[in-house]
Amino acid sequence: RSSEADCLPCDSGHACASSSTSATEVQCAAATYAAAGSASCTDCAAGWHQPSGGQSSCVACDEGHACEAGAASQTPCGTGTSASATSGSCGQCAAGTFQDTVAQGSCKACPPGSYCLQGSSAPITCPPGRYRSTAGATLEADCLPRVRLWARVRVQQHVCDGGAVCAAGMYAQCSGG
């Protein structure tokens, strides 16, 4: 006759139902795990994955990749999206940012001279005659008309009685004055 004191924990990566006679009765499948002494295997949480069976834990999803709950593998984020480490899904780049490379952890600021809509995989150049001088434009309306400034500077001259002519900012010692 046996008692609870005779029972041993099931091996990690395996599940043992009650009255089990084997430490490795059921091996956990990929995308699941079990700590030693578990009665059942548990799905990996979102942001984690497990490519192998018989494991005691899941592996953190890498930056630039998504792992849904119960994932055996990680999925790289596409262009126009990004994901931080242990993310369950890839998120679209916010307006004013873009991402032109797959599997990235963050989006890039939209450069001057362009604007970026939400989920942009490349900056959109401002239309002809319009420009954005700072980064992060979110709409075409952020591209302002180019303004040309024409300035006329009148140079004042002072003529001395002696005939010296000096431009503004310069002087000549004139006799008698």
Side-chain angles (χ1 to χ4, degrees), residues 7-18 20 22-148:
C7 297
L8 300 171
C10 186
D11 289 350
S12 62
H14 297 79
C16 299
S18 61
S20 180
S22 170
T24 59
E25 183 173 305
V26 177
Q27 178 176 315
C28 294
T32 67
Y33 71 98
S38 295
S40 62
C41 299
T42 304
D43 284 345
C44 293
W48 299 80
H49 71 288
Q50 182 47 260
S52 304
Q55 301 300 309
S56 61
S57 63
C58 294
V59 180
C61 193
D62 293 333
E63 183 176 82
H65 294 78
C67 298
E68 295 182 3
S73 62
Q74 47 188 355
T75 305
C77 295
T79 59
T81 67
S82 68
S84 59
T86 68
S87 180
S89 62
C90 299
Q92 285 191 330
C93 292
T97 66
F98 73 101
Q99 185 47 259
D100 55 355
T101 308
V102 298
Q104 298 300 306
S106 62
C107 296
K108 305 171 188 176
C110 199
S114 63
Y115 63 98
C116 298
L117 304 173
Q118 181 177 354
S120 289
S121 58
I124 302 165
T125 302
C126 289
R130 300 178 78 78
Y131 188 74
R132 174 70 179 200
S133 62
T134 58
T138 61
L139 301 168
E140 183 177 329
D142 292 336
C143 297
L144 304 174
R146 290 182 186 259
V147 177
R148 292 195 174 153

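In this chain, residues are counted from 1 in sequence order. Both backbone and side-chain heavy atoms feed into the values below; hydrogens, waters and symmetry mates do not.
- Between C110 and P123 the shortest side-chain heavy-atom distance falls below 4.5 Å.
- Not counting sequence neighbours, the partners of I124 by the side-chain contact (heavy atoms from CB on, under 4.5 Å) test are Y115, L117.
- The shortest non-hydrogen separation linking H49 to C44 is C-SG, 3.8 Å.
- Residues in residues 104-117 take part in these salt bridge (charged side-chain N to carboxylate O under 4.0 Å, His left out) pairs, two or more places apart or across chains: D100-K108.
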Please test C107 against Q99 for side-chain contact (heavy atoms from CB on, under 4.5 Å), starting from the C-alpha separation and ending with a verdict.
CA-CA 5 Å; C107 296; Q99 185 47 259; 4.2 Å; yes
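- Annotation: Q92, atom CD; neighbour count of heavy atoms from other residues, nucleotides and ligands within 6.0 Å is above 12.
- Closest non-hydrogen pair, T86 versus A60, comes out as CG2-CB, 3.7 Å.
- R132 CZ to T138 OG1: the interatomic distance, rounded to the nearest 0.5 Å, is 7.5 Å.
- Between E140 and P127, the shortest heavy-atom contact is OE2-CG, 3.3 Å.
- Across all their heavy atoms, A34 and C41 have their closest contact at CB-CA, 4.3 Å.
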Evaluate the criterion disulfide bond (SG atoms under 2.5 Å apart) for residue pair C93 and C116; output intermediate values, then yes/no.
CA-CA 9 Å; C93 292; C116 298; over 6 Å; no
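- The minimum heavy-atom distance between P112 and S133, with the atom names listed, is CB-O, 3.6 Å.
- Here the straight-line distance linking atom NE2 of H14 with atom OG of S40 works out to 14.0 Å at 0.5 Å rounding.
- Atoms CZ and OG1, on F98 and T81 in that order, are 13.5 Å from each other to the nearest 0.5 Å.
- Q104 places no side-chain N or O within donor-acceptor distance of the main-chain N or O of S106, the cut-off being under 3.5 Å.
- Applying the salt bridge (charged side-chain N to carboxylate O under 4.0 Å, His left out) test to pairs two or more places apart or on separate chains, none has a residue in residues 51-63.
- With contacts defined as side-chain heavy-atom distances shorter than 4.5 Å, the pair H65/P76 qualifies.
- Contact detail for A66 and G88: the closest heavy-atom pair is CB-O, 3.7 Å.
- A side chain to side chain contact (heavy atoms under 4.5 Å, CB included) with Q50 is found for one member of T32, D43, V59 and no other, namely V59.
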